[in-house]
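Working notes, beginning with the structure itself.
Just so you know, these numbers come straight off a predicted model, no measurement behind them. Convention: sequence-line order gives letters A, B, ...; per-chain numbering from 1.
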Protein chains: 2
Amino acid sequence: MCTIYAKMSFKSEQHIKVAVDAVVFGYIQNHLQILLTKQNHGSGIPKWALPGGFVKDNESVECAVSRELQEETGVNVNYLEQLFTFGSVDRDHRGRVVSVAYLALINPRHFILCTSREDMETEWFNLDEIPDLAYDHKEIIEKGWERLKAKINYQPVGFELLKREFPFSDLENLYQTILNKKIDRRNFRKKIMSYDLLLETDKIYQPKSGRPAKLYKFNHRKYRKLEKDGFHFEVKFA
Amino acid sequence: MCTIYAKMSFKSEQHIKVAVDAVVFGYIQNHLQILLTKQNHGSGIPKWALPGGFVKDNESVECAVSRELQEETGVNVNYLEQLFTFGSVDRDHRGRVVSVAYLALINPRHFILCTSREDMETEWFNLDEIPDLAYDHKEIIEKGWERLKAKINYQPVGFELLKREFPFSDLENLYQTILNKKIDRRNFRKKIMSYDLLLETDKIYQPKSGRPAKLYKFNHRKYRKLEKDGFHFEVKFA
DNA sequence: TATTTTTGTGTACTATATACGCAAAGATGT
DNA sequence: ACATCTTTGCGTATATAGTACACAAAAATA
């Protein structure tokens, strides 16, 4: 980027477009879901794809994702991190496109799907029922899924997928769903509780049947403070 | 990238260039070093910067880094991973450039610095003696450095920085240098040895003074095999 | 009031991490 | 040849963290 005068002048043409794509996870009814969009009136056969689009000249790549998500799906993400940049030559048959993919987590409070684009459909898909996708989006989802599985073990990102106040069993189920394995309830609770990052509310949740449960909320403020002091969240049930 | 017909046609112009930059680490004389380049005959005041350059239309982003490294520095990296994509609007004063940064590790066997560009200088810099850099390259190095520190704990990337055959103490010193802390020699050796991933050669290394040391080499083949079976390398001296 | 479902909790055992010091091998200087 | 210096190579005891495991309490339903 810096050493290019000799090879390619700034005026010389490079015919590559920069796009963003988002792998948006939601945890809905005890299932991990992904947000997909489909254009109804595009040319050719419409296919499901990740929300995303081209970056504008005057916005940062990060801003581009947020904007596209807002425009296409109406959801507000409460966690967004860069995932990977996909740059093979032929990933888009229409021309050369380099796409910066992001991983986003949303919380059920921000669920109102409403696209501002008339020619577009937006829907949640169960992770194991993803349809055929456009371009290399299957691969992007794969990477996002891997990242989420890894990340949940060493950063408290799981909470971003839950309601602000949740019964402890929701957290358990979330981890079991994401890691796709049974976790010992007592050991899990012991580990999480040992960090003292859950605030007990005085609210009670009554499940369909069974004993009522206390509602907890994650103490973001305390976590940020601890993090600054070198604290390292870790829940390893590998 | 997929949902763009309505917003921006494929023909419509986006004025963003795509570049690559590489944070290349070498471990030379017990010091972590970074490879920098400087153009001698560029317009304006030349500044040191990371090796890198624009991606060509017909090469993948990953290929672009390798090519640029080869052209600008002549080194062969033996480890290359994508680091982060830097996409703020004003990171390059000459125009809008989105840069995909890579982390590279090189092994002293591939040291012969020889740029094929006449207008360019290439040099190793000690990590704590990095000069003023062009653009946001300081920040990119910071990110690469963070990644390396984190990665060395859960992937055997350290070996990529050593000679193929090395005395055990080189590994010790490398870890101490990267993590910037003293590590208990016995515990470190015990941990590393417990994985049984070092092959003892029959060669002996004679240090300037002191007892001679056996030379080891890392068993890449065995590691790959173990990794496939779910093995997880981990050296945590946090 | 018996049955079902879900929450909430403790202890013994195992494995891993940490702390710690000394003898052996060679090089150098006298 | 002997004393000194430097670096390698190694084991054990203690503390900490992980794992395995079962039963009673609270509410809903029949």
Whole angstrom value for the distance that separates P of D:dT19 from NZ of A:K182: 17 Å

First of A:D184 and B:E234 reached from the 5' end of DNA chain C, by closest nucleotide: A:D184

Within residues 163-175 of chain A, residues whose heavy atoms come under 4.0 Å of DNA chain D: none

List the atom pairs, donor and acceptor, that lie under 3.5 Å between side-chain atoms in residues 120-131 of chain A and the rest of the protein, sequence neighbours left out.
| unit_1 | atom_1 | unit_2 | atom_2 | d |
| --- | --- | --- | --- | --- |
| A:E121 | OE1 | A:N40 | ND2 | 3.4 |
| A:T122 | OG1 | A:E72 | O | 2.9 |

Whole-Å gap separating P (D:dT16) and NZ (A:K236): 18 Å

Charged N-O contact under 4.0 Å between A:K151 and A:E160: no

Rounded interatomic separation in angstrom, taking CG from B:N153 and C1' from C:dA17: 14 Å

Pairing residues for B:H31 by the ring pair (Phe, Tyr, Trp, His ring centres under 6.0 Å) criterion, not counting sequence neighbours: none

Positions of residues 185-194 of chain A (non-hydrogen atom under 4.0 Å from DNA chain D), listed by number: A:R186, A:N187, A:K190, A:K191

Beyond-backbone contact of B:R224 with B:H220, side-chain heavy atoms, under 4.5 angstrom: yes

Set of residues satisfying salt bridge (Lys or Arg N to Asp or Glu O under 4.0 Å) with respect to B:K143, sequence neighbours excluded: none

Length of the line joining B:Q206:CD and D:dT8:P, which is rounded to integer Å: 10 Å

Contacts of B:R189 that satisfy side-chain hydrogen bond (donor to acceptor under 3.5 Å, both in side chains) - sequence neighbours left out: none

With sequence neighbours excluded, residues passing salt bridge (Lys or Arg N to Asp or Glu O under 4.0 Å) with A:E227: none

Of residues 207-217 of chain B, the positions that come close to DNA chain D - non-hydrogen atoms, cut-off under 4.0 Å: B:S209, B:G210, B:R211, B:P212, B:A213, B:K214

Nearest-angstrom distance from the residue atom OH of A:Y205 to C1' of D:dA27: 13 Å

Set of salt bridge (Lys or Arg N to Asp or Glu O under 4.0 Å) partners for A:K149, sequence neighbours left out: A:E146

Residues that B:R185 engages under salt bridge (Lys or Arg N to Asp or Glu O under 4.0 Å), provided they are two or more places apart: B:E172

Set of residues satisfying side-chain hydrogen bond (donor to acceptor under 3.5 Å, both in side chains) with respect to A:Y175, sequence neighbours excluded: none

Qualifying side chain to side chain donor-acceptor pair (under 3.5 Å) pairs with a residue from residues 196-210 of chain B, counting only residues at least two apart or across chains: B:E165-B:K203, B:D196-B:K222

